[in-house]
Amino acid sequence: MFLKNSWYVAAWDHEVAEKELKPVKLLGEEIVLYRTRNGVVAALEDACPHRKLPLSMGRIKGDDIECGYHGLTFDCTGTCTRVPGAEKIPHVARVRSYPVHERYGLLWVWMGDPALADISKIFAVEHWGDPAWGVNRGESMTLECNYLYMTDNLLDPSHVAWVHQSSFGNAAAEEAPLETTVGTDGVTVWRWMIDVEPAPFYAPFLQFAGKCDRKQHYEVRYPSNAIIKAIFVPANTGGEGKPLHEDVFLMDSYNFMTPVDENHTKYYWFQMRNFAPDDAEVSQRFATSVRGAFDEDRVVLNAVHKGMANKRTPNLDLKIDVGPLRFRRNLAKMIEAENPLQVAAE
Ligand SMILES: [Fe+2]
């Protein structure tokens with residue numbers, strides 16, 4: 001089950017080229033993306049109402065799509081504009097169209113009631129466009145797991161100690177206690193680790209020598225978008241509520257998870273940092289390290305999905321699961337509120 005009334009990332013903007021039909025799958029629904037002549041992206045149900053051939057196998061004609069089977073043609077609102085050989089267009093000859101918005105280099109599609117689509121609800125990226133901040137534009141990957149294993153993972157700062165030993169992890173990450181904050185739009189799990197060794201991924205970029213205080217802020221907002229903040233300051237200058245030292249290292253990692261279906265998740269990301277804004281080499285190094293670390297997550301989460309789907313003995317929950325479980329419970333309530341009859345029937 002998925003939350004429908006929400007924006008989900010459907011693709012990077014460059015993945016939808018001019019004059020090309022791009023099939024994507026979100027929340028179990030097949031959708032075709034394309035650009036009209038003025039460059040605006042349209043999203044239509046990817047199935048001709050005649051014999052359900054994917055429209056993505058057809059052709060772009062002006063601002064419309066022509067089905068590759070019998071030439072039925074649809075405009076970017078999903079209205080049928082032509083049925084070759086028919087005297088009039090049957091009123092059922094239409095496909096669903098989805099609201100789309102381009103932001104942060106990503107194409108966001110609204111999967112619920114179009115009347116509720118509000119672009120102010122797209123995930124806010126705090127320092128976007130700030131010339132003092134650098135961006136390493138991310139990539140995407142497909143995970144063979146339910147999207148909620150990803151939201152679990154991104155509400156779990158402790159996993160870095162075992163999954164990412166060569167990058168994000170350090171010894172302190174094994175034992176330092178976690179705090180959980182439940183808000184109206186999501187859940188945050190966080191902690192400060194005081195006077196610890198910097199983790200290998202970040203160490204070369206710190207503006208100070210020696211040990212550090214490190215904050216991990218893992219925040220996932222409904223239904224499945226996350227900001228992971230990494231904060232490093234010189235040892236014994238950090239802590240909750242204290243002003244950040246002038247040499248602070250800040251990295252905001254944005255993570256957008258789109259359920260493809262119950263068993264697959266498309267994962268998009270980029271990172272922003274408070275230094276070296278125009279340094280392409282730094283961006284490249286971050287991009288490569290992040291990709292490596294996220295591949296480590298992918299291997300674990302794909303196997304977790306399989307393990308949980310085929311379990312023959314009960315699994316257990318630990319104290320570290322408080323945040324992820326709260327998130328799952330609240331999201332389930334939101335999904336139920338969208339469609340109470342359907343949930344009750346299952
Ligand atoms: Fe991870």
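We count ligands from 1, going down the list as the structure has it; atoms in each ligand are counted the same way. Quick caveat, the model's predicted, so the values are computed rather than measured.
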How about the Fe ion (ligand 1), which protein N, O or S atoms come within less than 2.8 Å?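 Less than 2.8 Å away from the Fe ion (ligand 1) sit His159 NE2, His164 NE2, Asp297 OD1, Asp297 OD2.
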
Passing candidate, ring-ring contact (aromatic ring centres under 6.0 Å, His included) with Tyr202, options Phe232, Phe208, Phe275: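 For Tyr202, the ring-ring contact (aromatic ring centres under 6.0 Å, His included) check succeeds only for Phe232.
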
Quick check on ring-ring contact (aromatic ring centres under 6.0 Å, His included): which of Tyr147, Tyr222, Tyr8 does Phe2 satisfy it with?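 Testing each of Tyr147, Tyr222, Tyr8 against Phe2, the sole residue satisfying ring-ring contact (aromatic ring centres under 6.0 Å, His included) is Tyr147.
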
For Phe256 together with Trp269, are the ring centres under 6.0 Å from each other?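 Distance test on ring centres: not under 6.0 Å, no.
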
Do Ile228 and Phe249 land in one hydrophobic cluster if side-chain heavy atoms of ILVMFWY residues count as linked below 4.5 Å?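 Linked, Ile228 and Phe249 end up in one cluster.
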
For the student: nearest non-hydrogen atoms of Ile31 and Ala43, plus distance: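 Residues Ile31 and Ala43, closest heavy atoms: CG2-CB, 3.9 Å.
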
So, using side chain to side chain donor-acceptor pair (under 3.5 Å) as the criterion, who are the partners of Arg328 when residues are at least two apart?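 Asp152.
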
